[in-house]
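Model, not experiment: these values are computed from the prediction.
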Amino acid sequence: MATPKTRTFDQQYQLQGTSLENTKVIIVRHNPELEAYTLAKIGNVQYDIASISPDETNKAVAYDYVTLKRSE
């Protein structure tokens with residue numbers, strides 16, 4: 001299960017004009033195999049995985065941030 005992360009207005013403003021404009025970030029439980037994926041589907045919408053920021057701490061429960069861009 002994924003949880004969406006809300007960006008602040010400052011963060012949204014900083015992304016304007018970059019390749020990360022019009023993307024969304026979700027948070028998922030850490031999974032090293034996630035790096036092998038290039039697509040994600042949420043409901044009936046397909047997304048390209050723009051980037052993955054893995055949690056590299058050694059905590060028992062860790063989470064990764066996944067940046068998604070809607071596929072065209």
Side-chain angles (χ1 to χ4, degrees):
M1 180 165 185
T3 301
K5 180 182 182 309
T6 304
R7 292 184 177 133
T8 65
F9 286 119
D10 286 340
Q11 290 171 328
Q12 290 176 22
Y13 181 75
Q14 290 173 347
L15 293 177
Q16 287 184 348
T18 71
S19 63
L20 294 177
E21 187 175 16
N22 298 320
T23 60
K24 65 169 56 180
V25 176
I26 59 170
I27 303 169
V28 297
R29 184 166 257 167
H30 177 66
N31 182 350
E33 295 176 11
L34 190 60
E35 296 282 339
Y37 292 93
T38 58
L39 298 173
K41 190 171 185 180
I42 301 174
N44 291 326
V45 180
Q46 185 168 306
Y47 297 91
D48 294 317
I49 297 177
S51 68
I52 299 171
S53 180
D55 186 341
E56 295 179 350
T57 64
N58 288 322
K59 295 179 182 177
V61 179
Y63 297 94
D64 300 334
Y65 287 70
V66 181
T67 305
L68 304 173
K69 188 162 193 162
R70 191 174 188 142
S71 297
E72 299 195 17

Give the C-alpha distance, both sets of side-chain angles, the deciding distance and a yes or no for side chain to side chain contact (heavy atoms under 4.5 Å, CB included) between Thr38 and Ile49.
CA-CA 5 Å; Thr38 58; Ile49 297 177; 5.7 Å; no

Let's go through Tyr47 and Arg70 carefully: what are the C-alpha distance in whole Å and the side-chain angles of both, what is the deciding distance for side chain to side chain contact (heavy atoms under 4.5 Å, CB included) to 0.1 Å, and is it a yes or a no?
CA-CA 4 Å; Tyr47 297 91; Arg70 191 174 188 142; 4.0 Å; yes

Please lay out, stage by stage, how Leu39 and Asp48 fare under the test side chain to side chain contact (heavy atoms under 4.5 Å, CB included).
CA-CA 5 Å; Leu39 298 173; Asp48 294 317; 3.1 Å; yes

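Rounded to the nearest 0.5 Å, atoms CG (Asn31) and CG (Asp55) are 12.5 Å apart. Between Ile52 atom CD1 and His30 atom NE2 the span is 10.5 Å, to the nearest 0.5 Å.
Each of Ile27, Ile26, Leu34 was scored for a side-chain contact (heavy atoms from CB on, under 4.5 Å) with Asp64, with one residue passing: Leu34.
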